[in-house]
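Reminder, nothing fancy here: chain letters follow the sequence lines and each chain counts from 1.
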There are 2 protein chains.
Amino acid sequence: MTQFDWTERFAGTAALPAAVRRRLTATARVIHVKHGDQVFGSMNVPESLFFLYDGRIRVSQSSDSGREIVLYRIEAGDSCVLTTACILAEEAYNAEGIAETDVTAIVLPKLAFDRLAAEEDAFRNFVFAAYSRRLIDLLRVVDDVAFGRIDVRLAERLLMLGDGLKEIRKTHQELASELGTAREVISRVLNDFHKRELISQSRGIITFTNKPGLAAIAHSA
Amino acid sequence: MTQFDWTERFAGTAALPAAVRRRLTATARVIHVKHGDQVFGSMNVPESLFFLYDGRIRVSQSSDSGREIVLYRIEAGDSCVLTTACILAEEAYNAEGIAETDVTAIVLPKLAFDRLAAEEDAFRNFVFAAYSRRLIDLLRVVDDVAFGRIDVRLAERLLMLGDGLKEIRKTHQELASELGTAREVISRVLNDFHKRELISQSRGIITFTNKPGLAAIAHSA
DNA sequence: CGCCTTCAGTGACATTGTCACTTAAGGCAT
DNA sequence: ATGCCTTAAGTGACAATGTCACTGAAGGCG
């Protein structure tokens, strides 16, 4: 494999001295995961830190009864602290990360991570910031699930998923898994949206017909 | 104020060299908060890290509509990373910390924190571990709220709050705020528990009459 | 004792979740 | 093209939870 310089991609490594960066590119492994495959999960806990070089990962949690909820998404340039957290806390967890696109990630051995966190302020702050973002993300999820109305949440999510697009290719089941609810509930609400001429539907596809209308619902709480 | 040595109380500082510990006790402030008072909140964001020396803090989030949910509790010896997270992420948040007992906390200026995190492995790991625990706590909250039944959650929470006790002094409203639901819902479920002779009630007090029975409900999902 | 505040109970209703189905759409093999 | 098969979506009945607008009850205190 070519030793390409991924360090410029991350806020925590871009500003490091050239020597340190060379050491990193030599130590870390680069992995590729195909769209749709699991990046990590309860059966597959990486022993190391990892950083998302390219692509997007969807992190979700699933219940015993088979329902599922999306916690947040990891974008290129960010690090995935959840696996780290679980290693540190030595706790089982039922969250998993799925590659939403083809993914290129950097896997940094724990030892190298520790050394870097100790020696480089920029890197350490980057990691703290990554933890913080996830904590804030989860606060938001809790707020939504505990206090939000399902129609508002769905409208929000549709707009988020369809940002800049005319349609979304997702099944009702997939949308239900986004919000941690049941497919039937999504079907009902989408039907309502359809009756109000905010969207139109066909198998596996939702087409926007009135984004401002959806936005009004999304912001009505 | 007496410069008492709080450093022995924390996993992240107990093992530090004596010189470092002296520097810390000189730099950090010790604060006291009375039972029931707010330790931090949206109007009151501490600019510094803080560590809980003694007492217990309840961290909760509240909705616009006035409902509230307890996220987790901070016990003596732990650090409070949420405020740190919010500083780092530069995000508004609507979580607040309330002293559940009289509280003694150590407030460490950001500068001292950074230096310590850079220089001392034990301290840095302690902070990472604290972040991790909170992340895991929140995963649990999301799981409960999104997928859990209210009777199961209430039974669990009653047992947790009443651990080792014969009764709990909490109003229905307070229990509702623990779980992020409405008072009426708690009243209904408690009534049901009463009919099944698991508890007995009087104004502001819930008395256990059958803890194993409650435990059975708590573990039935 | 009566007043007042806070806590708890109640019934009607809305929203959301669950269950057990049916119906429809599209892919694929013959 | 035709029928088969898998997956997606619709439906109605019901259960669980949340909301609203009240009423009633308990305890503190003048």
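- Side chains of A/S187 and A/H172: a donor-acceptor N/O pair is present below 3.5 angstrom, by distance only.
- Against DNA chain C, the stretch residues 139-161 of chain B makes no heavy-atom approach under 4.0 Å.
- Within residues 182-190 of chain B, the residues that place at least one heavy atom under 4.0 Å from DNA chain C are, in residue-number order, B/R183, B/E184, B/S187.
- More than 12 heavy atoms of other shown residues, nucleotides or ligands fall within 6.0 angstrom of atom CZ in B/R58.
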Return all side-chain donor-acceptor pairs below 3.5 angstrom for residues 214-221 of chain B, not counting sequence neighbours, or 'none' if the list is empty.
residue	atom	partner	partner atom	Å
B/H219	ND1	B/A215	O	3.0
B/S220	OG	B/I217	O	2.7

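- Scored by the side-chain hydrogen bond (donor to acceptor under 3.5 Å, both in side chains) test, B/D78 finds B/R133, B/R134 as partners (sequence neighbours excluded).
- In this structure, the side chains of A/L175 and A/L161 come closer than 4.5 Å at one or more pairs of heavy atoms.
- Residues meeting the side-chain hydrogen bond (donor to acceptor under 3.5 Å, both in side chains) test with A/R73, sequence neighbours left out: A/E100, A/E178.
- Considering only residues two or more places apart in sequence or on other chains, B/S132 meets the side-chain hydrogen bond (donor to acceptor under 3.5 Å, both in side chains) condition with A/Y131.
- The stretch residues 60-70 of chain A participates, sequence neighbours left out, in no salt bridge (Lys or Arg N to Asp or Glu O under 4.0 Å) pair at all.
- The main-chain N or O of B/Q173 is never found under 3.5 Å from a side-chain atom of B/R183 such that the two would form a donor-acceptor pair.
- With sequence neighbours left out, the side-chain hydrogen bond (donor to acceptor under 3.5 Å, both in side chains) criterion links A/Q38 to A/E96.
- When the salt bridge (Lys or Arg N to Asp or Glu O under 4.0 Å) test is applied to B/R196, the partners found at least two apart in sequence or on another chain are B/D192.
- Taken residue by residue, residues 192-206 of chain B places heavy atoms nearer than 4.0 Å to DNA chain C at B/R203, B/G204.
- In this view, B/F113 and A/F128, B/F123 satisfy the ring-ring contact (aromatic ring centres under 6.0 Å, His included) rule, not counting sequence neighbours.
- In the 5' to 3' direction, nucleotides of DNA chain C lying under 4.0 Å from heavy atoms of chain B begin and end at C/dT6 to C/dT10.
- Atom C1' of nucleotide D/dA16 and atom CG of B/N191 are separated by 16 Å, given to the nearest angstrom.
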